[in-house]
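Have a look at the structure below before the remarks.
Note on naming: letters A, B, ... go to the chains in the order of the sequence lines (proteins, then strands), and numbering restarts at 1 for each one.
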Amino acid sequence: MSKTLYDKLWDAHLVKQRDDGSALIYIDRHIVHEVTSPQAFEGLRLADRKLWRVDSILATPDHNVPTTSKERESGVEGIEDPVSKIQVQTLDDNCDSFGITEFKINDKRQGIVHVIGPESGASLPGMTIVCGDSHTATNGALGALAHGIGTSEVEHVMATQCLVAKKMKNMLVRVDGRLQAGVTPKDVVLAIIAKIGTAGGTGYAIEFGGQVFRDMSMEGRMTVCNMAIEAGARAGMVAVDQTTIDYVKGRPFAPTGEIWDQAVEAWQNLVSDADAVFDTVVEIDGNGIDPQVSWGTSPEMVLPVHGVVPDPKAETDATKKAGIERALEYMGLEAGQAIKDIHLDRVFIGSCTNSRIEDMRAAASVIKGRKKAASVKEAIVVPGSGLVKAQAEAEGLDKIFTDAGIEWREPGCSMCLAMNADKLGAGEHCASTSNRNFEGRQGYGGRTHLVSPEMAAAAAIAGHFVDVREF
Amino acid sequence: MKAFTQHKGLVAPMDRANVDTDMIIPKQFLKSIKRSGFGKNLFDELRYLDEGQPDQSCEGRPLNPDFALNQSRYQGASVLLARENFGCGSSREHAPWALDDYGFRAIIAPSYADIFYNNSFKNGLLPIVLSEAQVEQLFAEMYKNEGYELSIDLEEQLVITPSGEKIAFEIDEFRRHCLLNGFDDIGLTLQDADAIKAYELKRQASAPWLFNAIKAGV
Ligand code: SF4
């Protein structure tokens, strides 16, 4: 019987199908950060349970780490927020006592969990990968089954190496054609979410297929899979091809020698069969996608950059209408206002969606030789890992940013969810390359607009949104 | 996990779609390394008029009088009536912990985000799915009748209204079974330890690269 990529990944990891419809799925890789793990470790201790396979786990602190070099200089000790400090310290202590490998705060390999997995080769094609964080789907770009889990499940995987799961349905999102210059993977995924909605993928594993994804770099595929959860899907994935294999080769935890050859042979099979049947297929024309900007408080509230903010009066569905009204009020926008007339107070380039080296290069290419608008109070670029940071600096990108009056920071989640000191003030508008524009996400009363790194960079220069294709 | 069999309780509304996990429990409270104590910050940004800080007492903070949970008629509510796609956003279990800690035992909505739905069961919080029309009907009855209570019977898979109307709901067998008995998931899985080990041996032979150890020195 022909199978989808997801079917293949599921079948290969099935330990036991139970009569009641649930299944035990084997987990190959478990990535851990400081926010969703302390209660899991505590649970293990209370029940006197051991880790099933300690060498399957990789940990790093990311959400709470400060991003200024001043605070970072003295490691955990230097974290000014006492509550953040305890959380990072607790991760260190737990990893030390359970023998888990951790890229600690000032290890050059430290970074956002979803950046360091692929970067280190800890995440490989064909694996099942979990982390107590919904953006784990990022790893699906490798042709892996990767999804976020809750803390109880973190504890469950630690103790059993398995997850109790139920098979999801298959969705294919096919984007054919070619993207216009200036249109990025971020715009593709925002356009997908605008089309299917934030609950469109609920209950599905999404495979992203079509010419646009075949042409896309690995890092671009990661940006797309990262936001599968914003479309409601726990897992997003892209089939393995030569791009995948070239990306994995030579990474520190990737196999070598004979085993590498064996692995590559097996990975060739990580594609949906030509006649595989999907429960749902969504098609989008890649040629027609424009740079996107979110205007509201849900990732589906997205428009092309030349669009105007919607009018709730035009909406017939009562729940949707109320949603638009509330979003307009929270965002301080008027129906009919042009997206390009939205003025920015801050710009944030970073997060697990857009903090890899290609994102840094893309932002720098727009900014090079220009200056940040005086009306933008602060613009920061936060690389996704220490290795991304080092690479960017080797290429001189940091200079391009700082010459433009944009800050170059230490790696971490930063203003994506503002658990550290980087946050928006109430009422401030921010062009952000992150993935969620929920109320208060980037700071109490803060107003987030989701965009690509190129669009964020252009907005930092202009002080308001502009079409990067004309910039 | 906490068992759930039957429950009767006061119903309170969360009358908006796409309630996300940041709304349920804002991120500044996730810094706690404990599982409890999140209830006082449930829906913090909607509930209070100022910005809440971790480790701050909530007594004396200005309450938002328009927010349902602050109104006297909903005090002591244990059943939350909500709209579509409840719990969207992150995987953080702090969201069900906060709802549970506040005193909710069940939620009724037309749909939930996957991870939130899953996490709720792990904490003895029952997320019930009813149709849009049924949820609409319950909202209308609740708004009309102060002190509106619902009975929930997980064994029979029924929501029972004050007038005695019985509304059936679906739930998968495994989850129902675990919740009714308050089973410990990990303990259950470990009963299959031999199957897990056998799987590992087989995989190690056919796909050894999956067992590449994560080691500090690499
Ligand atoms: S960058 Fe943002 S979305 Fe990504 S893991 Fe960190 S907090 Fe979560």
Q: Could you check which of A:Ile86, A:Ile57, A:Val15 has the highest count of heavy-atom pairs closer than 4.5 Å to chain B?
A: A:Val15
Q) Mind checking which of residues 92-107 of chain B sit less than 4.5 Å from chain A, heavy atom to heavy atom? A) B:Arg92, B:Glu93, B:His94, B:Trp97
Q.
Please rank B:Ile115, B:Asn119, B:Asp15 by heavy-atom pairs under 4.5 Å with chain A and give me the top one.
A. B:Ile115
Q | Lys/Arg N to Asp/Glu carboxylate O, A:Asp20 vs B:Arg175, below 4.0 Å | A | no
Q: Please answer whether the main-chain N or O of A:Thr202 pairs with a side-chain N or O of B:Asp114 as donor and acceptor at a distance below 3.5 Å.
A: no
(Q) At a 4.5 Å cut-off on heavy atoms, which part of A:Ile100 comes close to chain B: side chain, backbone, both, or neither? (A) neither
Q) By a 4.5 Å heavy-atom criterion (distance strictly below it), what part of A:Leu24 contacts chain B: side chain, backbone, both, or neither? A) side chain
(Q) Heavy-atom cut-off 4.5 Å, strictly under: side chain, backbone, both or neither for B:Asp50 against chain A? (A) backbone
Q.
Using a 4.5 angstrom heavy-atom cutoff, name the option from A:Ser22, A:Ser37, A:Gly148 with the most pairs to chain B.
A. A:Ser22
Q.
So for B:Arg203, is it side chain, backbone, both, or neither that comes closer than 4.5 Å to the heavy atoms of chain A?
A. side chain
Q | Between CD1 on residue B:Ile196 and OH on residue A:Tyr26, distance to nearest 0.5 Å | A | 8.5 Å
Q. Of the backbone (N, CA, C, O) and the side chain (C-beta and beyond), which part of A:Thr90 lies under 4.5 Å from a heavy atom of chain B, both, or neither?
A. side chain
Q: Below 4.5 Å from any heavy atom of chain B, which atoms of A:Ala159 appear? Answer side chain, backbone, both or neither.
A: both
Q) B:Lys197 versus A:Trp52: any side-chain heavy-atom pair under 4.5 Å? A) yes
(Q) For a quick test of reading the model, state the closest non-hydrogen atom pair linking A:Thr101 to B:Ile214 and the distance between them. (A) OG1-O, 3.2 Å
**Q.** Closest-packed option against chain B by number of heavy-atom pairs under 4.5 Å, given A:Met419, A:Lys16, A:Arg18
**A.** A:Met419
Q | Closest heavy-atom pair and its distance - B:Ser91, A:Gly132 | A | OG-C, 3.4 Å
Q.
Only pairs of heavy atoms separated by less than 4.5 Å count here; which of B:Leu188, B:Thr21, B:Asp184 has the most with chain A?
A. B:Asp184
Q. Which pairs count as salt bridge (Lys or Arg N to Asp or Glu O under 4.0 Å) when at least one residue sits in residues 122-131 of chain B, sequence neighbours excluded?
A. B:Lys122-B:Asp185
Q) Looking at A:Glu153, A:Met127, A:Glu42, which one has more heavy-atom pairs under 4.5 Å with chain B than the rest? A) A:Glu153
Q. Side chain, backbone, both or neither: which part of B:Ser206 has an atom under 4.5 Å from a heavy atom of chain A?
A. backbone
Q: Counting only heavy atoms closer than 4.5 Å, note whether A:Gln161 contacts chain B via side chain, backbone, both or neither.
A: side chain
Q) Relative to chain B, which segment of A:Leu417 carries a heavy atom at a distance below 4.5 Å: side chain, backbone, both, or neither? A) both
Q: Say whether A:Tyr444 and B:Glu45, considering side chains only, have a donor N or O and an acceptor N or O under 3.5 Å apart.
A: no
Q. Which answer fits A:Val164, side chain, backbone, both or neither, if we ask what part of it has an atom under 4.5 Å from a heavy atom of chain B?
A. side chain
Q: Check whether A:Glu155 gets within reach of chain B through its side chain, its backbone, both or neither, counting any heavy atom under 4.5 Å.
A: both
Q: List in chain and number order the residues that pass ring pair (Phe, Tyr, Trp, His ring centres under 6.0 Å) with B:Phe67, two or more places apart in sequence or in another chain; answer none if no residue qualifies.
A: B:Phe43
Q) Considering only heavy atoms from C-beta outward, does the side chain of B:Ser90 approach that of A:Asp133 to under 4.5 Å? A) no
(Q) What part of B:Ala195 gets within 4.5 angstrom of chain A, counting heavy atoms only: side chain, backbone, both, or neither? (A) both
(Q) What part of A:Asn435 gets within 4.5 angstrom of chain B, counting heavy atoms only: side chain, backbone, both, or neither? (A) neither
Q | Contact winner vs chain A - B:Ser32, B:Gly89, B:Gly52, B:Ser111, heavy-atom pairs under 4.5 Å | A | B:Gly89
Q) What are the two closest heavy atoms between A:Gln87 and B:Leu30, and how far apart are they? A) NE2-O, 2.7 Å
Q | Gap separating the OG1 atom of A:Thr319 from the CZ atom of B:Arg83, nearest 0.5 angstrom | A | 5.5 Å
Q | Among the listed options A:Met168, A:His156, A:His147, the residue most often paired with chain B at heavy-atom distances under 4.5 Å | A | A:His156
(Q) Taking side chain as everything from C-beta outward and backbone as N, CA, C, O, which of these in A:Glu258 sits under 4.5 Å from a heavy atom of chain B? Side chain, backbone, both or neither. (A) neither
Q | Considering all heavy atoms, the nearest A:Phe253-B:Ala213 contact | A | CD2-O, 4.1 Å
Q. Going through the distances and angles, do B:Lys27 and A:Cys413 end up as a side chain to side chain contact (heavy atoms under 4.5 Å, CB included)?
A. CA-CA 12 Å; B:Lys27 74 258 151 191; A:Cys413 293; over 6 Å; no
Q. Less than 4.0 Å between a side-chain N and a carboxylate O, is that true for B:Asp22 and A:Arg441?
A. yes
Q: Look at A:Gly203, A:Ser298, A:Pro299 and state which one has the largest set of heavy-atom pairs under 4.5 Å with chain B.
A: A:Gly203
Q | Atom group of A:Leu58 that falls short of 4.5 Å from chain B, counting heavy atoms | A | both
Q.
Shorter than 4.5 Å, heavy atoms on both sides: which option in B:Lys34, B:Gln28, B:Met23, B:Lys202 has the most such pairs with chain A?
A. B:Lys34
Q | Region of A:Lys320 in contact with chain B, defined by heavy-atom distances below 4.5 Å | A | neither
Q) Using non-hydrogen atoms only, which part of A:His135 is less than 4.5 Å away from chain B: side chain, backbone, both, or neither? A) neither
Q: Tell me, out of B:Pro26, B:Cys88, B:Ala17, B:Ala193, who's got the most heavy-atom pairs with chain A below 4.5 Å.
A: B:Ala193
**Q.** Contacting moiety of A:Ala426, where chain B heavy atoms sit under 4.5 Å
**A.** neither
Q) Going through the checks in order, is the side chain to side chain contact (heavy atoms under 4.5 Å, CB included) test met by B:Phe174 and A:Lys166? A) CA-CA 10 Å; B:Phe174 174 72; A:Lys166 223 179 148 180; over 6 Å; no
Q: Apply ring pair (Phe, Tyr, Trp, His ring centres under 6.0 Å) to B:Tyr112 and list each qualifying residue two or more places apart in sequence or on a separate chain.
A: B:Tyr117
